[in-house]
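Below is one structure; the comments refer to it alone.
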There are 2 protein chains.
Amino acid sequence: MDATETRQRILEAADGLFGELGFDATTTRDIAERSGVNKALIHYHFGTKDDLLEALLERYYEQLGATMQGAFARPHKTLRAKVEDVLDTYADFLAAHSTFARIVQREVASGRHIERVVERTLPMFQLGVAWMSEALTKAPRDLDAVNLLTTVYGIVVTWFTWGEVVRRLTGKDPFSPAALEARKRHVRRVVGLLIDEVEGRK
Amino acid sequence: MDATETRQRILEAADGLFGELGFDATTTRDIAERSGVNKALIHYHFGTKDDLLEALLERYYEQLGATMQGAFARPHKTLRAKVEDVLDTYADFLAAHSTFARIVQREVASGRHIERVVERTLPMFQLGVAWMSEALTKAPRDLDAVNLLTTVYGIVVTWFTWGEVVRRLTGKDPFSPAALEARKRHVRRVVGLLIDEVEGRK
DNA sequence: ACTCGATTTGACCATTCGGTTAAACCGTCC
DNA sequence: GGACGGTTTAACCGAATGGTCAAATCGAGT
């Protein structure tokens, strides 16, 4: 087994377990067992368990950053088209990395790793606020950038963090392609109403 | 120290610590120290640490249920007024019990206690869906009850779960009376747009 | 003063945790 | 074939964890 493959397998196992059980409830022995790798290798390759989470978040935020940057850079005819593309892209990313949404939501809600998550999320939020503030020059006062961004972010992310509740509520898989497509359609619809309002109710 | 006061102090300490550190990272010794109570008494009064969380959630959901039932029962002239009152009431509850929002968000995102939280949340969601389905007879297809409820819920709750990020983003306290009032105004505004749409764009 | 049940205490226990270490292993360059 | 750096292994460690228990304490009723 290659050294880089070892690192990969450790990260993969840690990702799955952190997502299922949470960081604190996952032991290094769990990770070793699932990845089929000696426990000491986790520390050899990554340092402490905290460092392993750090490496995992690093990888995720790098991917997310590249993905979102791609959506932002794509040419769009209207503001509405751009927003819809960005939100669809973000939803697709969360759907493809369901553990990521859960890990981040857990660690940002409380706990010892808030700072780590904030550190990486903040720049993206700031970009979002800056970008929106431009588009919101003539928006009503109670649709300010911070509130609006939190609202839109919440709309997108809650489907994934509360997926298990939705599953039991509906009896259907909220992450099936059909359900995800319906959710994205719903988000586009709701955000469309916000854009209408911001642009002055065409 | 009275026995009921002991129970109270243990619950209070556990609440604070679970909210700050998370359930797994909180030790029974932490709880004993903060509450000024012997560690063995936690088990004497509540059983296991899991049972303690259960008791805490039980208390919270009882309070929440009563509070929300009150808002629902209050007389309102319009659908809009009722929805606004309900959402304001919920936001006030979360503001008054900030640890509750964090604990629930953590445990519903992943972990061993998902079922416990789902168990208690589901009835309220079902009520919400049933109530909304009635009001949504002539709504557009992509504004179905489940999606709409998730959206509105996400809008309200994200302000509290992502409070620390907002704090660093703005440099201001997102839970100050002024900020909370502004947030509630914003939520009323956004949800108002949804109601407009559902009622057929008056 | 005595009793009895509920409560409180500190000492204790088995287990598990994250992390370390010395020795073994392995490919590769000379 | 031997030396060398990077990698892997099993055994090990001290600290902490959730939980238990017998003994002590308390308070109300007699």
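Donor-acceptor pairing under 3.5 Å is lacking for the side chains of B:His45 and B:Thr6. Side-chain atoms of B:Asp92 and B:Thr89 include no donor-acceptor pair closer than 3.5 Å.
A:Ile31 places its CD1 atom 10 Å from the P atom of C:dG19, with the value rounded to the nearest Å. Here the P atom of nucleotide C:dG10 and the CD atom of B:Glu33 are 14 Å apart, to the nearest Å. Rounding to whole angstrom units, CZ of residue A:Phe46 and C1' of C:dG18 are separated by 16 Å. Atoms CD1 (B:Ile42) and C1' (D:dT17) sit 13 Å apart, rounded to a whole Å. The separation between A:Leu53 atom CG and C:dG19 atom P is 12 Å, rounded to whole Å.
Residues A:Trp162 and B:Thr121 are in side-chain contact: their nearest non-hydrogen atoms beyond the backbone lie under 4.5 Å apart.
Across every non-hydrogen atom of A:Phe160 and A:Ala101, the tightest pair is CB-CB, 4.2 Å. Residue B:Phe72 comes nearest to B:Lys82 through the heavy atom pair O-NZ, 3.1 Å, listed as atom of the first residue, atom of the second, then distance.
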Review item, side-chain donor-acceptor pairs of residues 170-182 of chain A, under 3.5 Å, at least two apart:
residue: A:Thr170; atom: OG1; partner: A:Val166; partner atom: O; Å: 2.9
residue: A:Thr170; atom: OG1; partner: A:Lys172; partner atom: N; Å: 3.1
residue: A:Thr170; atom: OG1; partner: A:Lys172; partner atom: O; Å: 3.4
residue: A:Asp173; atom: OD1; partner: A:Arg167; partner atom: NH1; Å: 3.3
residue: A:Asp173; atom: OD1; partner: A:Phe175; partner atom: N; Å: 2.9
residue: A:Asp173; atom: OD2; partner: A:Ser176; partner atom: N; Å: 3.4
residue: A:Ser176; atom: OG; partner: A:Asp173; partner atom: O; Å: 3.3
residue: A:Ser176; atom: OG; partner: A:Ala179; partner atom: N; Å: 3.1

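A side chain to side chain donor-acceptor pair (under 3.5 Å) with A:Asp88 is found for one member of A:Lys184, A:Arg188, A:Arg185 and no other, namely A:Arg188. Of the residues listed (A:Val165, A:Thr158, A:Ile155), the one engaging B:Tyr153 in a side-chain contact (heavy atoms from CB on, under 4.5 Å) is A:Thr158, and it is the only one.
For D:dG18, the OP1/OP2 oxygens have a side-chain nitrogen or oxygen of B:Thr28 closer than 4.0 Å.
Computed from C1' positions of five pairs at each end, the angle between the two local axes of the helix from C:dA1-D:dT30 to C:dC30-D:dG1 equals 10°, rounded to 10 degrees.
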Exercise. Classify every nucleotide of nucleotides 4-15 of chain D by which part a protein heavy atom approaches to under 4.0 Å, writing B for the base, S for the sugar-phosphate alone and - for neither, in 5'-to-3' order.
Key: --SBBBB-----

